[in-house]
Amino acid sequence: QMTGGFAHTQRTLTHSQECSLPDRPAPLIRVATLAPFLAQIAAPGQDPDPLLRQAGLSSALVDDPEALATAPPIYRFTEIAAAALAEPRLGLRVGLLQDFSQWPPTRDALKESHTLVEFLTRFLLSVRQFASSVSYTLEIGDKISRLHQDRGFMPQETPAQVDGMGVGLV
């Protein structure tokens, strides 16, 4: 059972040994959120399927908008893809170059927002429908504003590409 808009389904890929949390369920992410990475991988003619398999994922999972996976294979895939493309800033490139107007986590926020603050607010309110692995806090001040991210667990592998995409997106 999940919180934040997730319903536990049979299409959940689990790696509980990689994200064991004694006081909370394993963090889950909709596998379809990897679509922007697949687009960048396929652009130069690279086949993403072998890279997905190395991370324990598949194209069928990415194509299924309801499929869930724990965070480690999602993070692992993005790192494997960056290494395969010899592109250490793949996530940043995805965030900067991808058209996010049709990407489910940002689509509605982009349609309804006129300012960055509106977009971030709408995005942060909807993100729990796509990932229980992270929560965000937006602090708005008169001189400085901050966006905080909390994964709620310590990943065994640094999710540099996922974080890079987030930086590029904003």
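Predicted model, so just to flag it, every value in this text is computed and none were measured.
Nearest heavy atoms, Thr33 versus Trp103: O-NE1, 3.2 Å. Pairing each heavy atom of Ala32 with each of Pro65, the nearest pair is CB-CA, 4.2 Å.
Listed by chain and residue number, nothing satisfies the side chain to side chain donor-acceptor pair (under 3.5 Å) test with Ser58 (two or more places apart in sequence, or in another chain). Qualifying side chain to side chain donor-acceptor pair (under 3.5 Å) partners for Asp99, counting only residues two or more places apart in sequence or in other chains: Ser101. Taking Glu139 as the reference, His148 meet the side chain to side chain donor-acceptor pair (under 3.5 Å) condition, with sequence neighbours excluded. Residues that satisfy the side chain to side chain contact (heavy atoms under 4.5 Å, CB included) test with Gln46, not counting sequence neighbours, are Ile41, Leu51, Ala84, Leu85. Remark: Gln98 pairs with no residue by the side chain to side chain donor-acceptor pair (under 3.5 Å) rule, at least two apart or across chains.
No path of Ile, Leu, Val, Met, Phe, Trp and Tyr side chains, each step under 4.5 Å between heavy atoms, connects Leu96 with Val94, placing them in separate hydrophobic clusters. If you chain together hydrophobic residues whose side chains sit under 4.5 Å apart, Leu110 and Leu138 fall into the same group. Put simply, Val167 and Leu120 are part of two different groups of oily side chains (I, L, V, M, F, W, Y) that touch within less than 4.5 Å, one to the next. Cluster membership check: Val127 shares its hydrophobic cluster with Leu116, using side-chain heavy-atom separations under 4.5 Å among Ile, Leu, Val, Met, Phe, Trp and Tyr.
At least one donor-acceptor pair under 3.5 Å links the side chain of Glu79 to the backbone N or O of Ala160. At least one donor-acceptor pair under 3.5 Å links the side chain of Ser126 to the backbone N or O of Phe123. Between the Thr78 side chain and the Gln161 main chain, no donor and acceptor come within less than 3.5 Å of each other.
Thr70 has its side chain within reach of Leu28: a pair of non-hydrogen atoms, C-beta onward, lies under 4.5 Å apart. Using a 4.5 Å heavy-atom cutoff, the side chains of Leu147 and Leu124 are in contact. Between Leu52 and Leu38 there is a side-chain heavy-atom pair separated by less than 4.5 Å. When side chains are defined from C-beta on, Met165 does not count as touching Leu92, because their heavy atoms never get closer than 4.5 Å.
The distance from atom CG of Leu34 to atom CG of Leu61, rounded to the nearest 0.5 Å, is 10.0 Å. To the nearest 0.5 Å, the span separating CZ on Arg30 from CD on Gln129 amounts to 8.0 Å.
Pairs passing the side chain to side chain donor-acceptor pair (under 3.5 Å) check and including a residue from residues 84-93, sequence neighbours excluded, read Gln40-Arg93, Glu87-Arg93.
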